[in-house]
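From a predicted model like this one, the values you see are computed outputs, not experimental measurements.
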Amino acid sequence: MKRYNFKEFAADVLVDLAAGMIIAVGVYNFALYADFPVAGFSGIAIVLYHLLGLPVGIGTILLNIPVAVLCYKFLGRMFFLKSLKSIIITSVMMDYAAPLLPVYEGDRLLAALCMGVLCGAGFAMVFMRNSSTGGQDFITLSLKKVYPHFSLGSITFALDLVTIIMGSALVFREVDGFIYGIIVTYLMAIVMDRIMYGIYEGKMTLIVTEQGEAVAEQIDEYSGRGSTILRGRGSYSGREKDVVMCACNNKQMYAIKKMVHEIDPKAFTIIMESNEVVGEGFKESL
């Protein structure tokens with residue numbers, strides 16, 4: 001197991017402080033008084049706040065204790081300890097730092113949008129350090145190990161839906177609040193994906209041509225990136241062809257497509273979205 005040194009620990013704490021503050025502002029300063037349900041344990045903690053007056057941060061910790069104990073064996077010691085650190089820091093920020101800032105009292109839709117963006121960004125920062133804020137994340141990962149045929153997306157959506165329905169039924173009791181809760185949940189997922197993967201996203205193209213060497217040379221000259229030439233054979237004609245595979249950023253793809261057409265007008269070009277490209281010239285491998 002990789003050793004967890006002081007430098008890495010310090011970096012994790014700094015990220016947790018920043019992410020915890022962002023999440024706290026999203027939940028406390030935008031969602032808490034906007035009267036719409038929120039997914040996850042933060043959403044349940046908000047319900048407890050409205051029903052019992054329990055501070056959101058303390059409520060989050062209390063909810064996490066039994067879940068953490070039950071899910072410990074599924075998560076692993078290192079992930080569990082790092083998540084525990086993130087939970088405590090985020091909860092402290094929620095109860096002691098966020099209340100120092102003014103609470104947004106404007107339009108509910110704007111509050112929902114701000115909450116979704118801020119919390120999505122904060123959660124992404126925590127996840128990128130191989131940690132979590134506990135709660136529903138513990139349950140999701142544990143259920144995934146018990147039922148591997150279920151996707152993480154389906155498990156997360158089901159749990160989020162239960163929390164939103166519970167908040168709507170017990171506290172807010174209106175359709176508009178339920179809709180805002182769905183908007184927030186969807187926006188958080190989009191922002192998290194964009195931050196965790198979108199920074200390094202690009203395009204990948206497969207170019208089926210009889211002039212693979214010329215195409216690869218032109219791509220390298222234009223973009224400074226190498227490409228891979230695969231050998232293929234047409235199923236209909238039976239003729240040998242080259243398949244040039246190239247990853248590039250979004251801005252370069254249009255020019256590459258145009259160059260391929262100039263070299264070989266009969267080339268068959270397939271362009272695909274690539275959520276993340278790791279390697280030389282892109283994101284460094286971990």
Side-chain angles (χ1 to χ4, degrees), residues 12 14-47 56-57 60 63-64 79 82-83 85-87 89-94 97-98 101 103-104 106-141 144 151-165 167-168 177-201 273 275-276 283:
D12 283 346
L14 290 175
V15 171
D16 280 345
L17 288 170
M21 188 62 195
I22 293 173
I23 295 170
V25 169
V27 174
Y28 185 93
N29 301 89
F30 285 100
L32 187 59
Y33 301 103
D35 293 336
F36 56 77
V38 177
F41 272 29
S42 296
I44 300 176
I46 289 177
V47 171
V56 176
T60 302
L63 289 168
N64 270 292
F79 181 81
K82 293 180 73 171
S83 298
K85 167 181 56 64
S86 300
I87 293 168
I89 291 175
T90 302
S91 298
V92 170
M93 290 293 182
M94 192 84 67
L101 301 176
V103 173
Y104 179 75
D107 185 75
R108 291 173 73 191
L109 178 59
L110 292 179
L113 294 177
C114 290
M115 189 268 180
V117 171
L118 289 172
C119 289
F123 289 135
M125 292 169 64
V126 173
F127 293 151
M128 291 170 72
R129 299 299 300 182
N130 194 30
S131 182
S132 77
T133 55
Q136 185 172 297
D137 299 330
F138 285 173
I139 298 175
T140 300
L141 293 173
K144 176 63 176 175
S151 70
L152 284 175
S154 61
I155 296 172
T156 301
F157 180 76
L159 294 175
D160 286 346
L161 191 60
V162 169
T163 306
I164 293 173
I165 292 174
S168 299
F178 176 78
I179 295 174
Y180 285 129
I182 295 294
I183 291 174
V184 168
T185 302
Y186 179 75
L187 185 58
M188 283 174 56
I190 294 297
V191 172
M192 285 172 56
D193 283 345
R194 293 296 297 178
I195 291 177
M196 295 177 70
Y197 305 110
I199 295 174
Y200 304 106
E201 74 174 3
E273 296 289 340
N275 289 334
E276 187 173 18
K283 175 185 176 183

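- Within 6.0 Å of CZ on Phe79 lie more than 12 heavy atoms contributed by other residues, nucleotides or ligands.
- Residue pairs satisfying the side chain to side chain donor-acceptor pair (under 3.5 Å) criterion with at least one member in residues 24-34, sequence neighbours excluded, are listed as follows: Tyr33-Tyr49.
- Results of the side chain to side chain contact (heavy atoms under 4.5 Å, CB included) test with Phe30 over Val184, Val117, Val25 single out Val25 as the only residue that passes.
- Rounded to the nearest 0.5 angstrom, Thr185 OG1 and Tyr180 OH are separated by 14.5 Å.
- With Met21 as the fixed residue, the side chain to side chain contact (heavy atoms under 4.5 Å, CB included) test singles out one of Ile89, Leu118, Leu101: Leu101.
- Interatomic distance, SG of Cys114 versus CG of Asp107, reported as 10.0 Å (0.5 Å rounding).
- In plain terms, the two heavy atoms of Leu187 and Gly116 that are nearest each other are CD2-CA, 4.0 Å.
- In this structure a side-chain-to-backbone donor-acceptor pair under 3.5 Å is missing from Thr60 to Ser91.
- Atom-to-atom distance recorded for Leu110:CG and Met115:CE is 15.0 Å, nearest 0.5 angstrom.
- Within the structure, salt bridge (Lys or Arg N to Asp or Glu O under 4.0 Å) contacts touching residues 178-187 (residues at least two apart or in different chains) do not occur.
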Step-by-step side-chain contact (heavy atoms from CB on, under 4.5 Å) determination, Thr90 to Asp16: CA-CA 7 Å; Thr90 302; Asp16 280 345; 6.0 Å; no
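- For the salt bridge (Lys or Arg N to Asp or Glu O under 4.0 Å) condition, the pairs that include at least one residue of residues 123-135, sequence neighbours left out, are Asp12-Arg129.
- In this structure, the separation between CE on Met125 and CG on Leu14 is 10.0 Å, given to the nearest 0.5 Å.
- Asn130 places a side-chain heavy atom less than 4.5 Å from the side chain of Lys82.
- The minimum heavy-atom distance between Ser86 and Val126, with the atom names listed, is OG-CG1, 4.0 Å.
- Within the model, atoms CD1 of Ile22 and CZ of Phe123 stand 11.0 Å from one another, a figure rounded to the nearest 0.5 Å.
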